[in-house]
Trainee: 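Dropping a structure here in structure tokens format, bear with me for questions.
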Amino acid sequence: MTTKKRTHGNWNPDQGKTMFLAGATYRKQPESARIAALRVGNDDPLIATMIKSADVARRSINKLYSFWDFSPNTFQEDLDAEIATYQNVFLDSGVFGMAMEYAKKYNISHNVALTTPLDAIPTWPAFRDRYIAMMRHVQDSVWGYVELDLGGTQQKIQTRTWLESIGLKPIPVWHPLNDGLDYGKFLMTTYDRICVGNVVKSDAQTRKVILQAMTLAKTEGVWVHALGLGPMDFVTAYNVDSIDSTTWMTSMMYSRAFVYGLMNAFTREGRYYETDVSGINRVTAFSMLERQAASMEKNWRNYEQSKRGLYGSDSDIL
Amino acid sequence: MSTDDLFYDMLTAPLQVVVQTTTPTPTPEPVVLAQEPPCVVPDDVVVSETPDGMFVQSNGQLGFVEEHITDRQYATLTAFESLTTVSVPVVHGQRYRLCGRHWLVIASVVEPPHVWAALLDGMVGFVPWPDILVADHFGPDATPVVFVQPDLDIAGTILSFYQHRYGADCIQRIA
């Protein structure tokens, strides 16, 4: 068996199925609601306990952040703070977002934008340089970081080769619909980890076709992360090792009714969180949603562990 | 104001959608991508966007802009589908005997009626939401197992793989 290229990061190949919660939370809240909540909560034993408990719980939660979640001036300290808070932090290049911006600007398909030559995109040089600075800063402290997966397959190979020549070891991304099956096989036989794209914007049928092709092509000893795949029923049918999704927090982003309904169920007379002046409702609701999402990972691992007894430990699906 | 009143207000308040306005920037020469027809984003529907490509529509629902699939992508998808062809069409409620030993029940794992429950007699393994490669592990000599798969595509794929590996005779539909 040939030795595969090792990608950067503090990951453990034996950590089991892993779910990343995508999306920035605290830093996007106005007026640092978390700090306000801590200040208010210190006067109330129940709230103080809840917040302390939530902070402890975050040490078992995995987060995925993208380039776009960090400002140019403070990304180093912000990244350090997230890495100190959560169990694993996974950094995505955010090329998806840049391609989306480009596609809208020129009225072309997003998938076409993903394969556009880099030189044709005016914002590419600045984007590349800032992301390289990010990768250098966190290369050993994050779980992993994603390559700059823009352009066609040749372009991506060139960019990755150049990144590797300057000492970076990003996780390559396979966009099956754009790159074809052979490129996916090449990545899976060459690297210890790959990401699979084209999932987020595909319908359920296409997602299953992509994941089935990946499962059949997967080689021994490669870790596959499905970008943007949520904890759906059909995840267990395919040989995917980790997933990420923003759906865990969409209720916080878009539905106040849901959040306040959630909080209402836990409200007691005379407590601070009956109103949201300090932002504590949002903080607590985020914490509850994080825990709910994290419990899915635990269930997923328990499920796979149960199957292991029937399959035998040498199973290649586990 | 009581909590119930507050909650009612929250429920009935209109959804606030922030539309960010930006200063128009000069547009450079567009890149010509021949053979690729444009993807038309319905401006009357999309009102705001996240970096992940998720949109809040004017009706307040989350959604994604449907992508136009290019010819190359269609060819790739077709190739994938031929690679993953399902030759055994199935419907909900069906039960299959595999290799005369295992059961595949096509039904919900969670929602009643649990039509598969009667098959668990204490001497078999139970695998809800089985993966597509179970045929590699549960052949004629393996511990008897009951698989319950609610997804028709995945169930059909499992049957196809059994058929491919052990022959058509290994699949028996039980009424």
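Here is how names work: the chains are called A, B, and so on, in the same order as the sequence lines, proteins then strands, and each is numbered from 1.
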Trainee: Count the heavy-atom pairs under 4.5 Å between each of A:D233, A:I210, A:D92 and chain B, then report the option with the highest count.
Mentor: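 Among the listed options, the one with the most contacts to chain B is A:D233.
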Trainee: Can you give me every donor-acceptor pair (side chain of residues 110-119 of chain B, partner residue at least two apart or in another chain, under 3.5 Å) with its distance?
Mentor:
from   : atom 1 : to     : atom 2 : distance (Å)
B:H114 : NE2    : B:V110 : O      : 2.9
B:W116 : NE1    : B:S108 : O      : 3.2

Trainee: Quick one: what part of A:Y303 sits under 4.5 Å from any heavy atom of chain B, side chain, backbone, both or neither?
Mentor: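 The answer is the side chain of A:Y303.
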Trainee: Does atom NE2 of B:H164 have more than 12 heavy-atom neighbours, drawn from other residues, nucleotides or ligands, at distances under 6.0 Å?
Mentor: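 No - once you tally the heavy atoms of other residues, nucleotides and ligands closer than 6.0 Å, there are 12 at most.
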Trainee: What part of B:F126 gets closer than 4.5 Å to chain A, counting heavy atoms only: side chain, backbone, both or neither?
Mentor: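 Contact with chain A: backbone only.
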Trainee: Check the orientation of A:Y65 and A:F70. Use parallel for under 30°, tilted for 30 to 60°, and perpendicular for over 60°.
Mentor: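 Aromatic pair A:Y65/A:F70 classed perpendicular.
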Trainee: Would you mind listing every side chain to side chain donor-acceptor pair (under 3.5 Å) that reaches into residues 165-175 of chain B, with sequence neighbours excluded?
Mentor: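 Those involving residues 165-175 of chain B are B:D136-B:R165.
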